[in-house]
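A short worksheet on the structure shown next.
No hydrogens, no waters, no symmetry mates; every other heavy atom, side chains included, goes into these values.
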Protein chains: 2
Amino acid sequence: MRIAELSRRSGVPVPTIKYYLREGLLPAGELTSPNQARYAEVHLHRLRLVRAMVELGGLSISAVRDVLGALDDPEKSLHKAMGTISAAVAPPDLGVADEVAQQQVEAFLDRQGWVCRPKSYGYKALVGVLATAREVGHERFADLLDGLARAAWPLAEADLDYVLSAGSTDEALEGVIVGTVLGDAAMAAVRVLARRELSGRRDAALSDLGSNAPDPDPPKP
Amino acid sequence: MRIAELSRRSGVPVPTIKYYLREGLLPAGELTSPNQARYAEVHLHRLRLVRAMVELGGLSISAVRDVLGALDDPEKSLHKAMGTISAAVAPPDLGVADEVAQQQVEAFLDRQGWVCRPKSYGYKALVGVLATAREVGHERFADLLDGLARAAWPLAEADLDYVLSAGSTDEALEGVIVGTVLGDAAMAAVRVLARRELSGRRDAALSDLGSNAPDPDPPKP
DNA sequence: CGATAGTAGAAAGTTCTGCTATCCATTCTA
DNA sequence: TAGAATGGATAGCAGAACTTTCTACTATCG
């Protein structure tokens, strides 16, 4: 297929495709002559993946390049790819050095029995979040972490099962990308829905806000 | 306190504070003379909140303005504020009209017994995610939704408890902001940690990637 | 009192990102 | 063989988030 068809089928304008080619987000098409190239389904697929990361994940072009680099790495390692992807998706390191936040994270990891190098992106990101929470006067925020962990564990299991059920290494790596980028977006959306649903069920309490009335025995789903 | 102290205590440069004042993210200080203003603790607090949303939440200046608008709304409604904040935090509406994705969301909501107007941000965001997943060839992605919901429900309860335990309406609204913005960031970080932990425990399976070996009886936490 | 530093407010400038537009020399297509 | 499309290169553009520069003060220290 030629670039016009690639554009039509993906909904991405031709100049943008050229831009992605320049930026190395898309492999070059097969040149049939000095100024003609042919693109295959793989290009269309890659293009859609790029758009998903940019539009839904909000990743920058360079972050997308990093992620795809992990995918195209000849010595593909799922571990390494996961690290790269986490780094690309996470907000840039705030570089905070908050003692208390760090202790809160350590204590949390202890409680969970999780082993974790303090250099990992997840660790640093979490310290950054807790430090920020403390700055805005929400020290108690750390109390929510165990709940998050209880929720995150089965998700991680599902994610990993999803990834490991892939037929090929390429598919598995793409599963990591999709699981991370779309997974985060989906989780955020589901949380919004859950909050809406719950706050609807607790309407009485809400309309009575500030009175600190006792919980009206909320029904579980 | 004067602007220099505000800057020192928040770590935000003076010109940036002036910029935020111009953009309406920060209420003006109390003018003591035509070119002197005094700022109070509330300004410092608000400034930190703004930075948290910008740096951690990745919100744009205009999104922050919207969110703060909900906080400063005279007829503060928790419901309304939650909607505004969800909208500000979510990626801009993709405006997809994918029939299948919509049905998947409907079915999901049915299974959960959740009632939801199809106009809500969470609904639209979820349709967008599933449509994108389908575009990149991951129809099975919808299978993960129920797991997400199971995880999201107790989180929503914890969130709401956290919010309702606030002493004042202002605090409650701020709790919604912090719970949403920091909560999403924290959840993403914890997911990363959980994935790392789990993939470490399943190392055997991972180093054997692609062979589709049976799961080596992973230990639970 | 005067020198120095800080301030509000406005306007213009800067940097970065993510595209678009314009060319040109070719090449495919009708 | 005319007209549209293509690859590749370069330049341009709009928006976002600051940052700089300016003016006309004001506060304060010695």
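- A donor-acceptor contact shorter than 3.5 Å links the side chain of His45(A) to the backbone of Val136(B).
- Contact annotation: side chain of Arg38(B) to base of dT26(D), donor-acceptor pair absent below 3.5 Å.
- With rounding to whole Å, Arg65(B) atom CZ is found 10 Å from dA17(D) atom P.
- Across all strands shown, Leu21(A) has no heavy atoms under 4.0 Å from either base or sugar-phosphate atoms.
- Contact annotation: Tyr20(B) side-chain N/O to dC18(D) OP1/OP2 distance is under 4.0 Å.
- The side chain of Tyr19(A) places no N or O atom within less than 4.0 Å of a non-bridging phosphate oxygen (OP1 or OP2) of dG8(D).
- With rounding to whole Å, Ile3(A) atom CD1 is found 16 Å from dT26(C) atom C1'.
- For Arg2(B) against dT28(D), no side-chain N or O and base N or O form a donor-acceptor pair under 3.5 Å.
- Sequence order on DNA chain D of the closest nucleotides to Ser60(B) and Pro15(B) puts Ser60(B) first from the 5' end.
- Proximity of Ser62(B) to the phosphate of dA16(D): no side-chain N or O atom is located under 4.0 Å from OP1 or OP2.
- Checking Arg140(A) against Ser165(B) by side-chain atom types alone, a donor-acceptor pair falls below 3.5 Å.
- Protein atom CG of Asn35(B) is 4 Å distant from nucleotide atom C1' of dC25(D), rounded to whole Å.
- The nearest heavy atom of DNA chain D to Arg51(B) and to Thr32(B) marks one nucleotide each, and the one closer to the 5' end goes with Arg51(B).
- Between dT7(C) and Ser33(B), no contact under 4.0 Å exists linking OP1 or OP2 to a side-chain N or O.
- Side-chain atoms of Asp146(B) and Gln112(B) form a donor-acceptor pair, as typed in the model, at a separation below 3.5 Å.
- Using modelled atom types, no side-chain atom of Glu30(B) and backbone atom of Ala37(B) make a donor-acceptor pair closer than 3.5 Å.
- Atom NZ in Lys18(A) sits about 11 Å away from atom P in dA9(D), given to the nearest Å.
- Per the geometry, NE2 belonging to His43(B) stands 11 Å off P belonging to dA8(C), to the nearest Å.
- Side-chain contact between Arg196(A) and Cys116(B): absent, with no pair of heavy atoms (C-beta onward) separated by less than 4.5 Å.
- Nucleotide dA17(D) holds its P atom 13 Å from the CD atom of Glu55(B), rounded to whole Å.
- One can place CD1 of Ile17(A) at 15 Å from P of dA5(D), the figure rounded to the nearest angstrom.
- At whole-Å resolution of the value, CG in Leu31(A) and C1' in dT26(C) are 13 Å apart.
- Pro34(A) comes within contact range of the sugar-phosphate backbone alone, with a heavy-atom separation under 4.0 Å but no base atom that close.
- The Gln36(B) side chain lies nearest to dT26(D) when the options are dT26(D), dT20(D), dT20(C).
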